[in-house]
Amino acid sequence: TARSPRDLLFAVGRMVATSSKAQKKPTQKTVKEQQDKLQKKGNGGYHDETYKTVCCWTANTRIRYVPNPKSGKSRIRYAGYEKAKTVGESLKKGSFPLDLLFDYQTGKLSVLGGEIRKEPIDPSKAVTHTDEVLSKWYYRAHPAKLQALRDAEQIFEEKSLNKMNLKNQAKALDLSERLGIELDEFSEGMLSELDAARRVADQEAKKLLEAAERSGRKISDSDVVKVLRKWAFRRNEARLNVMPEGANFVHSDTLGLIRCRDGRYMNTEPSVLYPNVFTLFNKWVQDRRPSKYTKPFPFTSISVNYAYAAKIHRDQGNHGPSMGAALGKFTGGRLNAWEQDDKSLDLEQLLEVKPKVLDVSKGPTLFDGRRAHSVEAFKGQRFSLVFFSAGKYWKAPKKVRDFLKQCKVEFPSDDSMEYYLKQLPAAKGYTEKRKSEASTSCAKRPRTAASGGA
């Protein structure tokens, strides 16, 4: 039937009106109202306890489903995973993440045992696919944490952190509360837990340096321990020569000067990023230097160690003597030093020779790290600082040396290095008898690694 021009005009008008209505975008207020409504309902009406329980599951949590009670598309999907024995298997067989919530809350899924966490999985610690799926509901499983984030919205806006996603805002808030770090520290982006902890340590070191300056006092052992306990150690997989038997990493950082493989000399990144920590340690070693030494101890670098006892080894690439100390609450952990080591015996043979034992817990102690040394086994919390000079340190450019001096490093001079070299006993080697005994004993026993520390 032919339509009049008037009818066509009305039809087009209705089409335009319908299209405009369909394409109309909700206002920001409408979106927020919908989000709040959804959050109050619990993303589909799931209970907080349901989220908390499900988020504690792992890929190996054992489960059982009831015979298929569903209809439509859900029935087809349920049929695919109803025989699954674990949460991980259920997800692989087609279960949607929300199916876990629904099936558990409605009694279609029961937990039989297996691996279950005590607390919901943190998104930053997710390892498996199941972890990643379940960690998305972390804040629904922790209503208090979600409320804390909402309460902090204004603070994030004031600190210009409102562009962070929810996950990073939550992490920043958690690190701020747990470590005592200011939210301002996150203004340039998200920090790792390691960097956040190191910033806290640097802030603490700055306060201690300022307090010591005001009162005119020296830096104490307790000052250093305070900072070390806040410092976060990186897993160092490169120090193979010191790793105890069975270990594949140690907690060890180097501050100060290093020589790169390409021959360049530079200051390590932690030294530059956390100069107050570096400065505090440098002032401490001079303040605690044994009174029998009349000159400040020269060095360019510090090996900062925690919670490991390195096996017998000789430091490579050092120039001159070292000064080491151990701090913390521990028993044992003394330094074994083979002072007569002239490198004529290998390390295995030296294990048959009695070393000199140095109690480095009493303060900075001079020794030659280029000669064999190790540390006794210990119990408790043990930190150690070893001050040394990098090989051919005199080649370091002026800019690098200036930074070290700014951080109170006593950069070596010919005179200071010569003075401390004379304080070391001569490396006379061990007697032929001892060499023979060591060689015979070593041949009779299996080759094992000694445990000790730096």
Within the side chain of Arg264, is there an N or O that forms a donor-acceptor pair under 3.5 Å with the backbone of Arg259?
no
Determine, for Arg288 against Asp221, whether the closest basic-nitrogen to carboxylate-oxygen distance falls under 4.0 angstrom.
yes
Show the nearest heavy-atom pair for residues Val386 and Ser322, with the distance to one decimal.
CG1-CB, 4.1 Å
Between Asp315 and His313, do the side chains contain an N or O donor and an N or O acceptor separated by less than 3.5 Å?
yes
Less than 4.5 Å apart, any side-chain heavy atom of Tyr430 and any of Asp342?
no
Spell out, as yes or no, whether a donor-acceptor pair under 3.5 Å connects the side chain of Ser135 to the backbone of Ala126.
no
Quick one: which of Lys283, Arg217, Lys207 gives a side-chain hydrogen bond (donor to acceptor under 3.5 Å, both in side chains) with Asp223?
Arg217
Got more than 12 heavy atoms from elsewhere within 6.0 Å of NZ, Lys395?
no
Donor + acceptor pair across side chains of Thr294, Tyr419 (<3.5 Å)
yes
Do any N or O atoms from the side chain of Gln105 and from the backbone of Phe102 form a donor-acceptor pair under 3.5 angstrom?
no
Close side-chain approach of Lys356 to Phe367, heavy-atom, < 4.5 Å
no
Which of parallel (below 30°), tilted (30 to 60°) and perpendicular (above 60°) describes Phe403 and Phe278?
parallel
From CA spacing to verdict: side-chain contact (heavy atoms from CB on, under 4.5 Å), Trp57, Ile121:
CA-CA 8 Å; Trp57 294 349; Ile121 175 68; over 6 Å; no
Starting from the C-alpha separation in whole Å, work towards a yes-or-no answer on ring-ring contact (aromatic ring centres under 6.0 Å, His included) for Tyr420 and Phe297.
CA-CA 8 Å; Tyr420 275 94; Phe297 179 71; 5.1 Å; yes
Any salt bridge linking Arg117 with Asp131? Criterion: basic side-chain nitrogen under 4.0 Å from a carboxylate oxygen.
yes
Heavy atoms of other groups near Arg334 CZ, more than 12 under 6.0 Å:
no
Just checking, any donor-acceptor pair under 3.5 angstrom between side chains of Ser271 and Thr268?
yes
More than 12 heavy atoms from other groups under 6.0 Å of OH on Tyr104:
no
Can you give me the closest heavy-atom contact between Asp341 and Ala372, atom names plus distance?
OD2-N, 2.8 Å
Can a side-chain donor-acceptor contact be found between Asn60 and Thr58 if the only test is distance below 3.5 angstrom?
no
Return the SG to CD1 distance between Cys407 and Ile302, rounded to the nearest 0.5 Å.
9.5 Å
Would you say the side chain of Arg314 lies within less than 4.5 Å of the side chain of Arg371, judging by non-hydrogen atoms?
no
Between the side chains of Arg199 and Asp202, is the shortest nitrogen-to-carboxylate-oxygen separation below 4.0 Å, so that they form an ion pair?
no
If only side-chain N and O atoms count, and only distance matters, is there a donor-acceptor pair under 3.5 Å linking Ser303 with Arg239?
yes
Phe233 vs Asn305 side-chain heavy atoms within contact, under 4.5 Å
no
Donor-acceptor pair, distance only, cut-off 3.5 Å: does the side chain of Asp287 make one with the backbone of Trp284?
no
Ion pair Glu132/Lys136, N-O distance below 4.0 Å
no
Residue pair Thr365 / Leu335, side-chain heavy-atom distance below 4.5 Å
no
Side chains of Leu209 and Ile219: closer than 4.5 Å at any heavy-atom pair?
yes
Quick check: closest heavy atoms across Ser389 and Pro412, and the distance to 0.1 Å?
OG-CG, 3.5 Å
Closest contact, heavy atoms only, Pro270 versus Leu255
CB-CD2, 3.6 Å
Would you confirm whether Ser301, through its side chain, and Leu257, through its main-chain N or O, come within 3.5 Å as a donor-acceptor pair?
yes
CZ of Phe411: more than 12 outside heavy atoms within 6.0 angstrom?
yes
For Trp137 and Cys55, which heavy atoms make the closest approach, and how far apart are they?
CB-SG, 3.6 Å
Under 3.5 Å, is there a donor on one side chain and an acceptor on the other for Arg370 and Gln316?
no
Please evaluate residues Tyr306 and Trp231 with respect to the criterion ring-ring contact (aromatic ring centres under 6.0 Å, His included), reporting the C-alpha separation (whole Å), side-chain torsions for both, the decisive distance (0.1 Å), and the verdict.
CA-CA 10 Å; Tyr306 171 61; Trp231 182 261; over 10 Å; no
Residues, nucleotides or ligands: over 12 heavy atoms within 6.0 Å of Glu210 CD
yes
Could you go through Arg229 and Gln381, starting from their C-alpha distance and side-chain angles, then the distance that decides it, and tell me whether this counts as side chain to side chain donor-acceptor pair (under 3.5 Å)?
CA-CA 10 Å; Arg229 284 177 175 160; Gln381 185 184 56; 2.8 Å; yes
For His251 and Phe249, take the angle between the two ring planes, folded into 0 to 90°, and tell me which bin it lands in: parallel under 30, tilted 30 to 60, perpendicular over 60.
perpendicular
Could you check whether any side-chain heavy atom of Ser252 comes within less than 4.5 Å of a side-chain heavy atom of Val304, counting everything from C-beta outward?
no
Are Arg289 and Tyr293 in a cation-pi setup, meaning NZ or CZ lies under 6.0 angstrom from the ring centre and within 45 degrees of the ring axis?
no
Taking Gly317's backbone N and O only, do any of them form a donor-acceptor pair with His319's side chain (distance below 3.5 Å, no angle check)?
no
Flag, side chain of Asn236 to backbone of Val250, donor-acceptor distance under 3.5 Å
no
Evaluate side-chain contact (heavy atoms from CB on, under 4.5 Å) for Thr331 paired with Phe378, printing each intermediate quantity in order.
CA-CA 6 Å; Thr331 56; Phe378 61 87; 5.9 Å; no
Would you say Arg382's side chain and Phe330's backbone share a donor-acceptor pair under 3.5 angstrom?
no
Do side-chain atoms of Trp338 reach the backbone of Leu350 as a donor and acceptor pair under 3.5 angstrom?
yes
Short question: side chain of Ser90, backbone of Thr86 - any donor-acceptor pair under 3.5 Å?
no
Evaluate side-chain contact (heavy atoms from CB on, under 4.5 Å) for Thr300 paired with Arg401, printing each intermediate quantity in order.
CA-CA 9 Å; Thr300 64; Arg401 294 199 306 270; over 6 Å; no
Evaluate Tyr393 against Met417 for side-chain contact (heavy atoms from CB on, under 4.5 Å), listing each step before the verdict.
CA-CA 12 Å; Tyr393 54 82; Met417 188 58 72; 3.8 Å; yes
So, do Val285 and Phe299 sit near enough that their side-chain heavy atoms are less than 4.5 Å apart?
yes
Do you know which two heavy atoms are closest between Asn241 and Lys311, and how far apart they sit?
O-CE, 3.4 Å
Under a 3.5 Å threshold, yes or no: a donor from one side chain and an acceptor from the other, between Glu115 and Thr61?
no
Any side-chain donor near an acceptor of the partner, Asp415 and Ser413, under 3.5 Å
no
